[in-house]
Amino acid sequence: MRKLVILIILSIVCSLFIGSIESVDTSKFKTCKDSHFCKRNRVSHEVGVMNEMKSKQNFNIVEGSIKLVKQENTIYFDLQEQNQKSNLLTMKLEIYEGGIVRMRAQEKEPLLNKQRYQVQDVLLDTIKTVPIQWKQEPSKQSNTFSFKHGEKECCYVLVQLVPFKLDVYIMNELAITTNSDNLFHFEPISDKPQPLPPKEKKSEEENKEANQEEDNNNNNNDNNEEQQVSTEGYWEERFGSHQDSKPNGPMSIGMDFTFVGSSHVYGIPEHTTRLSLKSTTGNGINEQPYRLYNLDVFEYEIDKTMALYGHVPLMISHDTKKTVGVFWLNAAETFVDIEDVTTPVSPSKKTHWISESGIIDVFYLTGPTPSTIFKQYAYLTGTTALPQMFSLGYHQCKWNYKSEDDVKQVDNGFDENHIPYDVIWLDIEHTDGKRYFTWDNNNFPTPADMQNIIGAKHRKMVTIVDPHIKRDNNYYVHSEATSKGYYIKNKDGNDYDGWCWPGSSSYLDFTNPEIRKWWATQFGYDKYKGSTPNLYIWNDMNEPSVFNGPEVSMHKDAKHHGGFEHRDVHNLYGYYYHMASADGLVQRNADQNDRPFVLSRAFYAGSQRIGAIWTGDNSAQWSHLEISNPMLLSMNLAGITFSGADVGGFFGNPDAELLTRWYQAGAFQPFFRGHAHLDSRRREPWLFNEPYTTIIREAIVKRYSYLPLWYTTFYQNTLNGAPVMRPLWVQYPKEANLFDVDDHYLIGDSLLVKPVTQQSCKTMKVLLPGQSVNEIWYDVDTEKPINAGVIEIDTPLEKIPVYQRGGSIISKKERVRRSTYQMRDDPYTIRIALDSSKSAQGQLYIDDEHSFDYKKGKFLYRQFTFKDNVLSFSDASNKSSTSYKPNVTIEKIVILGVQKPHSITCNITGKEKLSFEYDSTLSKLTIRKPDLLVDTDFIIKLN
Amino acid sequence: MKSILYICLTLVCLTQQVLSLSPTYGVGPEELEYYKEGKYFNCLRSNVQIPFSQVNDDFCDCPDGTDEPGTSACSSNGRFYCQNIGHKGNYISSSFVNDGVCDCCDGSDEYQLKVKCKNNCKEIGEESRKKQNQVIEAYEIGLKKKKQMEEEGTRVFNEKTDEIIRLRKEIDPITQEIKELEVLIEQKKSERELENKRLLNEKEKKDKEIEGTDQQQHQQQQNIDQPKEGEENKEVVGENGENGENIVEQPEIQTSELLDAISKGKDDNNNINNNNNNNIDDNKNDNNKEDEIKNNNNIEKVDHTTVNNNNNNKNDLNDDDNDEEDNDDDDDDEEELVNKLQIIFKKIKSIKNSVYNFILPILPNRFISLKDMGNLGGLESELSKKRESLKEKENEIEKIDKMLKSDLGVNNVFIPLYSKCFDLATKEYTYSVCPYEKASQGHTSLGKFESFGDNGKMMLFENGQQCWGGPKRSLKVLMECGQDNELYDVQEPGKCEYTIKFKTPVLCSEEHLKILRLEGDHSL
C-alpha cells in the first residue's frame, strides 16, 4: 500500500514535471508588472490603475535655448520639466541623408560619476547629416518652430515649445507625432539619497506635495523620508531570488509616438505574435507590452509579447498612403505598448516606448514607401552581408552528431538518398567538456581529417562556439582571459561567475573592442586546433544565457567596459559576440578573402551585417511551424533577412507529415537548417520512409533549383536593404486586404509562397495579390496562369504552393547536385512569366559565391527584359566587371503566356536560329539549348 | 591511362565549350541495345520519342531522364553507368556526373576534368574481391554454423517434444499416488482423532479427580492485565519446554492447543477452545512472543530455500485454517500470531528431515520431539515429496511448452540462442541481450523480449526501466549474418530507444550467398 502511495505521488510529480517542460515557465520571466521602471512609465496610461507614483511629466522647451548650428546641421534646445528648476535636458535634432530625422535627449549637466549609455557600433560610420533650414523660426507667439531639409522637400518637422511636442510631416501631412500623449518620461541620473534620521511626520498636505515632486526630483534629498514608499525599486530591485543592486538608481526613459492614419504597425522582432503587431493597451485589452530584452526562453509559446533571443527596436507603420518608421536606438531592456487611437486622425496607432536606461535616441524614417523605408533603415544600420552560396543551401544539424563515424554516415546518407545538402553541424557535445575550440578526443580524434572528408565533396562543417568560458585553469582560453582581465565583472568587481553548459563559467566582455580583437584571434588555425578552412561557426547562448542568473541571463549590475552596467548594453552583448566571431573567421585566412558564416541566436539592429540568425529553440508542433513565417517576416522587415527557423522543431519529435511540411516551408525561407534536441529521435530526411523521403527530397531539390533567385535577392538587399522574404503589402502597398497577411510571402519580388502549415491540409485558399494591377500568377508546378484574387487549391502532401508573378524573370539551376559547389558551373534555366501586357523583366547576380572579390567588381549583375516579343539580356549595373567571365551558359529559356512564334532568332553568331518547343495548352515556349554565355549581351526575337 | 583512352574513344570534341558524347556513354550493358543509332530514340520508361541526335546532347528531353545517360542534364532521375573495368560496374546518379567528385573508380564520371580522377578500379577491385571473398568465406562459415544450429535446434526440439510427452505421461501415476497418499493420511488422521478422543475422555475422568481447575483458569485471566507476570509466564513456558514432549508427540493437535498447554505450563490439554484468545493476549509484549516471532522469521527464511516443498503445504494449511480464521476476525494481531504459529508447526510437520534438522537448532527444544514423528509423519513427508515431484514436472512442462510455442525460426534455428545471453562491453556500460527474455544496459533494464520484427531480422525488447522525462526504455536488436553470435554497435537514435546490432549465423541465407557470389563474379 505504501508503495502504491509512493507510486502515485511519484507519478503526480512526474506529470507535473512533464507538464512544466511542455511550455515556457512564464514565472521565470518578467513582464512590465515585474519591472519597476516599466511600471513607473506605464502607470500613467494604464486604465484603472491608480497613479500612485507620479503624474505625467510635462516637458517644455526652455525659452531662448533653441539654436540652429549650421556647421553641425543640428538644432539644439533645452527641455525642462514644468515647475522644475533643475534637471535640464538638452535635445539635438538632425536630418540625415535619405529623409531620416534624428532626435536625441540627455541630461544637460550629467553627474560626473555616472553616465548614460549611448549605443555604439550599430550605426554605420557613413551616415551623414544634411543641412537643415527653418521652415518657421521659433517664436513664443506661435509656440512652435519647424525645420526641413535644406535642399530636398521630403518632409518637415514641427516642434511645439510648451508643452514639448514634435510632429513629423510627410508630403505635407502629419505622419508621426511625438509626446502627443505626454508620456515623455526622463529620470535624471542622481546620487542615492542618504538615509536621514527620522523626522516628525509631516502634515498630509506636505506629504502630497512631496509625492508630486519626488519622482523627477530624486536628488532633492529633503523629501527622502516620503520616498520610502514610492521609491521602491529605485535603488534596489528583486526578481525571484535575484537582487539587482541598481547603484545608479532610476534612469529610465519613455516617449510616445503616434503613427497618424495607420492601423498597422510591424517590426520590433523577436516575438511570437502575428506580423501585424497587436494592441497591448486600450479599451478591453489586457495584454502586456511587447518586451525587448534578449533572453534564452526555454520552450517558448506562440502569440506572446514576451521577449525572446534577439531584438531590433525598429517599428514600421504602413497604411495605404504611406510607410514610415521609428527606430529607437537603445540597448537596455525596453517595453513597447501599442494602442489603437482615434486622435488626431482616425484611426491611428499610438506607441509608447520605455527603456530602463540609456539616452533618448530616435530616428524617424519618413518613407514614404516600403522600399524607401528599407533604404533608410539600411542607410543607418547596413544591409545583410552577402552570404556565401553554400550557406543558402540546406544545413543538417542535430544535438548531437556523436562521432566522426556518425558524421560520415550522415554525410553518406545524403548521397545515398540523392538529397543535396551543404553543411553538417556539430553541437556542444563535440567539445572536450564544453571547452569551445577543443574536441572530444574519444569521438572526434581527427577533426581535421573529418572536415577534409566533408570538404572533398565541397561541403562544409559548422561547430558551435558559445560565449560562456569554462572556469578551468587548465583551459587556455580561461587562463588567458583571466590573466588579461577580459571577463565581465560582477557588482563587486570580481570576474562574473555564472552557470552554463560547462558548469561554472565566465563571460568575456565583448563590448570592449580589445577583447573582440583578442577573441577573433582565437579562430586562427593555429589557435583553434583541428579547424580547417571548411569549418564555420555557430554562436549560441549569447543573450547571454546564464542558467542561474535572473531570467536565465546576466545580472544587470554586472560591469562592462567603460564603466557601463550590463543593463545598459544587454541587448548588444550577443551582437558584439557575433561580430567578434565573424571577424575571427575573416582574419584566420591570410588573404582575408573568405566571407564568414556565423549563425547567432541573439541579435540586435545591425546583426544583418554580421551573419545569419535563427529563431532559437522552437518545438516540433504545427503551431511553431505556422508562426515561423510571421516571425521571419518580422525579422526581415527589421533588416535581419538571413534568418530561419529550425526545420522539424528543436524540441520533441515531429511526425512524418509535420517534418515534411516543415521541409517544404524551410526550403522557401532564407536560412534553411534542420535541427533537433539531444533527446529527440533522429530525423535525417530519409528516416521516415516513402513517400516522405521523396517528398522531402523534392522540397530540398526545389530549394537548390531556386538558389540563383535567392542569391540575386540577397545581392539586391545589399543595394536596397529590401527584405529577402517579403510581406505581400511591401509589394502591393495599396491593397489593404494584404496588411494582415503573414502566411503568404514573396521571395524578392517574384515568387509567392504560402507554405502548408496545417495538419492534414487537403485544400487551402491562396490569396494572389495585385488585383488592382491585373496581376497574373503562374503555379510553378503546373505552369498554369491564374488571375490575382483568392483561389482554392488542392494541397496533397507533395504540394508546395508557389507562384511566379507574371512580369517576372527568374533564373534557376535545375540540375540537381550534391551541394551548391557542384552547381557553380551548371547552366541556367530562365523562367519568364509574362504579365497582362506580355512583358517581363528580372535580374541575375553571379559571382564566385564565396569571396569578397565581388566588392572589387568581380561579379555579373544581369538584366533580362522581355517586351514586344523580344528578350534582351544586358548589364544591370555599371559596377560589374567586364573581366568577370564565369563561363556559365543558359541551357533553357521557358516563356509562359506567349504565343507560338514561327521562328526564334538570336543576334549571336552561330546561334542565329534557335530551336524551340511550344505547348499550346499552357502557352508555353521552351527555347532549347540556346547555350548562351551569361556574360554576353544578346537579343532573342520571337518571330 | 586506360581511362583516358576510354574517354578519347567515346568523346568527340566539337567545340571548345560543348563536348559531344557517344550516345552510349554512361549506358549500362543491359540497356545498350536501346541506344543503337537510328532516326529516333524512344525514352526507355516514358512514352516520348525524340530525334536520336538529342541523346547525350546535354539537354534533358525524356521525362524519365533516359536520353542523357552520359551527362548531368537529367540529374533528377537519370543514371550513369560506371564501367569500372577491373572492379565491378555500377550505376550512379546523373547528378554526380561532372560534379568535381570522383564517384566511379575508373573516373569516367568526371570527363570534363574538373577534377583529376585516378583509375584505381584495379586496386579497388582487388581489395574489394579480397573483402568480398572474406565476406563470402565468413558467410559460408556462418551458413555452416547455421546448419549446425538448425541441426541442434531440430534435435533439441525433438528431444523437448519427447520430453514433454514423457513428462505428461509421468504426471498421471504421480497424481494417482498423491491421491492415494492423501486418502491414507486422512485415514490415519481419523484414527488419531479417535485415539485422542479416547485419551480426552480418560483425561476428563482424571480431571474430575483433580481439584481447582477453574481456579487456575481464573488466575490465568488475571495475568492478562499484569505484565509483571509475563516473566512468570516465560519461566512457565521454559519449564514447559523441558517437558514439551507431549506437544510434538501429537503433531495434528492445533497450535492453539499447544499454546494453551504452554501457557498453562501443564500437560493439561483439555480446555483448549475456551482459552485461545486469552493466552495469546498474555503473551503480548512478552519475551515469549518475541522468541516466537524470531522463530517464525527464521523459518520463513528457510521457507524461501524450500519453496517447492512448502507450496503444497501452504494450500493444505489454508484449508485447515479456514474455520479458525473466521472466528478470529476481531483481533488481527492475535490471529496473525496464531496463524503464524500454526504455519510454523504445520510446516514443521511436513518438512523433509534435512530441512527439519536445519530448523531444529533454532527452534526451542520444548516444541519438538523427533522421535514422535511416527508413521503419519512419514506418510506426509512422502506426500510432500510426491507433490514436489509433480510440481517440478509441471514446471518443466510449462517451460518446455513455452519454448516450443515460441517463434523459433525456420528449422528451429533460434533454439541454440534460447535462454542464452550475449554481452557487449562499451566504455560506459555492458549491454546484455538474452533472446526470448530480456535486455539490459548494466543494471538498467532495456526491456523484456516482445517479438520479432522486420521479417525476423529484428528482436524487439520493450517496457524496460522508465526513462526520466521520457519513455520506458526499449531496444531493437538488428540482426545480420555473421559467423558468430556477437553484439556490436549500440546506438540511441531516440531518447532511451536503443538499437544494437547482432551478428548471428541465423541470419545467413543461401540466397544471399548466391547474390554475393554473383557480385563477386561480376567484378571480374
Side-chain angles (χ1 to χ4, degrees), chain A residues 10-11 14 17-18 20-21 402-403 405-406 409 415-420 442-443 456-459 652-653 676-684 687 697-698 701 704-705 813-819 821-827 829 887-889 891-892 910 915 917 926 928-931 933, chain B residues 14-20 48 50-51 53-54 57-61 65 67-68 71-79 91-103 109-110 112-115 117 426-428 466-471 474 489-499:
Chain A
L10 265 178
S11 66
C14 283
F17 177 72
I18 289 162
S20 71
I21 63 163
K402 287 172 181 166
S403 64
D405 275 346
D406 198 359
Q409 280 176 28
D415 285 343
E416 283 159 14
N417 292 283
H418 301 142
I419 299 174
N442 286 321
N443 293 311
K457 295 177 190 169
H458 301 282
R459 290 174 178 150
N653 294 301
H677 189 270
L678 185 64
D679 290 342
S680 298
R681 266 176 236 125
R682 283 297 184 103
R683 54 168 95 137
E684 285 76 50
L687 292 179
R697 179 194 299 117
E698 279 169 2
V701 163
Y704 276 77
S705 76
K813 285 198 176 181
E814 295 186 341
R815 297 195 183 190
V816 184
R817 296 296 197 173
R818 48 173 34 114
S819 65
Y821 183 88
Q822 288 84 13
M823 296 169 69
R824 284 206 302 188
D825 300 335
D826 278 343
T829 293
N887 197 27
V888 176
T889 61
E891 68 169 332
K892 191 197 272 190
S915 67
E917 288 160 13
T926 306
R928 194 181 178 283
K929 263 171 87 65
D931 290 342
L933 284 163
Chain B
L14 279 185
T15 67
Q16 278 187 329
Q17 278 167 19
V18 185
L19 291 165
S20 182
V48 176
I50 60 166
S53 60
Q54 292 182 9
D57 73 339
D58 202 25
F59 187 89
C60 192
D61 294 290
D67 64 314
E68 294 295 320
T71 75
S72 62
C74 297
S75 56
S76 63
N77 52 3
R79 57 181 193 169
Y91 284 101
I92 59 167
S93 164
S94 290
S95 67
F96 295 170
V97 174
N98 287 323
D99 73 342
V101 180
C102 305
D103 292 286
D109 59 318
E110 292 301 320
Q112 282 182 350
L113 307 178
K114 285 178 183 170
V115 59
C117 299
T426 65
K427 255 178 285 166
E428 290 141 321
Q466 180 78 40
C467 216
W468 178 242
S474 64
D489 190 21
V490 60
Q491 300 285 344
E492 191 183 352
K495 190 178 187 181
C496 299
E497 296 169 346
Y498 297 84
T499 63

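Remember, it's a predicted structure, so these values are computed and weren't measured experimentally. Below, read A as the first sequence line, B as the second, and so on, with proteins coming before strands; counting in each chain starts at 1.
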Best-contacting candidate, A:R824, A:R682, A:R683, A:K402, against chain B by heavy atom pairs under 4.5 angstrom: A:R682
For A:Y821, ring-ring contact (aromatic ring centres under 6.0 Å, His included) partners two or more places apart: A:H458
In chain order, what residues pass the ring-ring contact (aromatic ring centres under 6.0 Å, His included) check against A:H418, with sequence neighbours excluded? B:F96
Examine whether an atom of A:E698 lies under 4.5 Å from a heavy atom of chain B, and if so say whether it belongs to the side chain, the backbone or both; otherwise answer neither. neither
At a 4.5 Å cut-off on heavy atoms, which part of B:E492 comes close to chain A: side chain, backbone, both, or neither? both
Report the option among B:S93, B:C74, B:G100, B:S76 that has the most heavy-atom pairs separated by less than 4.5 Å from atoms of chain A. B:S93
Looking only at heavy atoms and a cut-off of under 4.5 Å, which of B:C102, B:C496, B:G494, B:C467 has the most pairs with chain A? B:G494
How about B:Q54 and A:R928: does a side-chain donor come under 3.5 Å of a side-chain acceptor? yes
Is any NZ, NE, NH1 or NH2 atom of the basic residue among A:R818 and A:D415 found under 4.0 Å from an Asp or Glu carboxylate oxygen of the other? yes
Please name the pair of heavy atoms, one in B:F59 and one in A:K929, separated by the smallest distance, quoted to 0.1 Å. CB-CD, 3.4 Å
